[in-house]
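Accompanying notes for the structure given below.
Whatever order the structure lists them in is the order used to number ligands and atoms, beginning at 1. These numbers come from the heavy atoms of this one structure, side chains and all, not from hydrogens, waters or symmetry mates.
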Amino acid sequence: MTPSDRLIIALDVPSIDEAASIVDRIGEAGHFYKIGYQLFPLGGYDLARSLVAAGRKVFIDAKLLDIGATVERGVKSLTSIGATVLTVHSDPDTIKGAVAGRGDSGLGIFAVTVLTSWDQATVARHGLPFDVLDLVLHRAEIAAEAGADGVIASAAEAQAIKARFGEQLKIITPGIRPSGAAVDDQKRVITPRDAVAAGADHLVVGRPIIRAEDPAAAARAILADL
Ligand code: C5P
């Protein structure tokens, strides 16, 4: 995989104009963009279509969780965008519905294992008899069995997931910070190169690029590190 296929830039901004301007400024240094529900009601899907038309790859971060039949219908509609990645939560019916709905569109279904905001107290509050890493592995197993293409997981968990599931599950990892960059609200951060060494296939990077003085230079520095 080339560095530009690995790097997914999160367009976490409040308007389509800002998102389009960032894409424009990043230019050739950006090949893969994540669009989340902050932008969906504002024209995010049309932005996604225009990025695909311009030869870019798109990650739709919808984090779906619903009964299988509803997810299947929703994902079937989403295939019209031509995106490369869609996120759902790691629930068997949700994943099976998403896999049925994507049909032969080539849309990759990636399951969120455990949100990075969860800690051991959150797991306990949900009544789940696991420590956080075991819950991540349990949900990765649900994802693999239900036919997901991969999972979203922190670098701290990537190694254990790769060790158990190998190439069966691709891993997309957020919480990436080039050395010296601000940590923001990320609790555990890792450099791009170390994340790949830990087993991450793709990296999601938001603020270190989109809030940089020169987003193209920030993206290029990460590509060089990879
Ligand atoms: O921190 P950064 O701006 O690089 O975040 C990029 C992506 O990582 C966000 O779009 C979000 O999906 C995810 N994220 C996360 N945990 C946080 C903050 C963001 O996983 N605490």
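- Note that OG of Ser154 is 14.0 Å distant from CD1 of Ile172, once rounded to the nearest 0.5 Å.
- For atom 7 (C) of ligand 1, the closest non-hydrogen atom of the protein is Val204 CG1, 3.8 Å.
- Contact atoms of ligand 1 toward Arg207: 1 (O), 2 (P), 3 (O), 4 (O), 18 (C) (distance under 4.0 Å to a heavy atom of the residue).
- Looking at Asp149, its side chain does come within 3.5 Å of a backbone N or O of Ile109 through a donor-acceptor pair.
- Note: Phe40 and Tyr45 have parallel aromatic rings, judged against thresholds of 30 and 60 degrees for the angle between ring planes.
- Scanning all protein heavy atoms for the shortest distance to atom 11 (C) of ligand 1 gives Lys34 NZ, 4.0 Å.
- If you number the atoms of ligand 1 from 1 as listed, the ones under 4.0 Å from a heavy atom of Val205 come out as 4 (O).
- Considering backbone and side-chain N/O of Arg177, one or more are found under 3.5 Å from N/O of ligand 1.
- Heavy-atom contacts of Pro174 reach the following atoms of ligand 1: 8 (O), 13 (C), 20 (O) (cutoff under 4.0 Å).
- When only non-hydrogen protein atoms are considered, atom 5 (O) of ligand 1 lies nearest to Gln186 NE2, 3.5 Å.
- Remark: Arg211 does not engage Asp12 in a salt bridge, criterion side-chain N to carboxylate O under 4.0 Å.
- At least one N/O-N/O distance between Thr116 and ligand 1 falls below 3.5 Å.
- Set against the non-hydrogen atoms of Asp12, the atoms of ligand 1 under 4.0 Å away are 9 (C), 10 (O).
- Counting only distance, with no hydrogens or angles, the side chain of Arg139 and the backbone of Val114 share no donor-acceptor pair below 3.5 Å.
- In terms of modelled atom types and a separation under 3.5 Å, the side chain of Arg177 and the main chain of Ala182 share a donor-acceptor contact.
- Every atom of ligand 1 with a heavy atom of Pro208 under 4.0 Å away is listed here by number and element: 4 (O).
- The 12-atom threshold is not exceeded at CD of Gln159, counting heavy atoms of other residues, nucleotides or ligands nearer than 6.0 Å.
- Near Ala10, with a cut-off below 4.0 Å to any heavy atom, the atoms of ligand 1 are 10 (O).
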Please lay out, stage by stage, how Asp201 and Lys162 fare under the test salt bridge (charged side-chain N to carboxylate O under 4.0 Å, His left out). CA-CA 10 Å; Asp201 294 287; Lys162 269 290 164 210; 3.0 Å; yes
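- Residue, atom and distance of the protein heavy atom nearest to atom 4 (O) of ligand 1 are Gly206 N, 2.8 Å.
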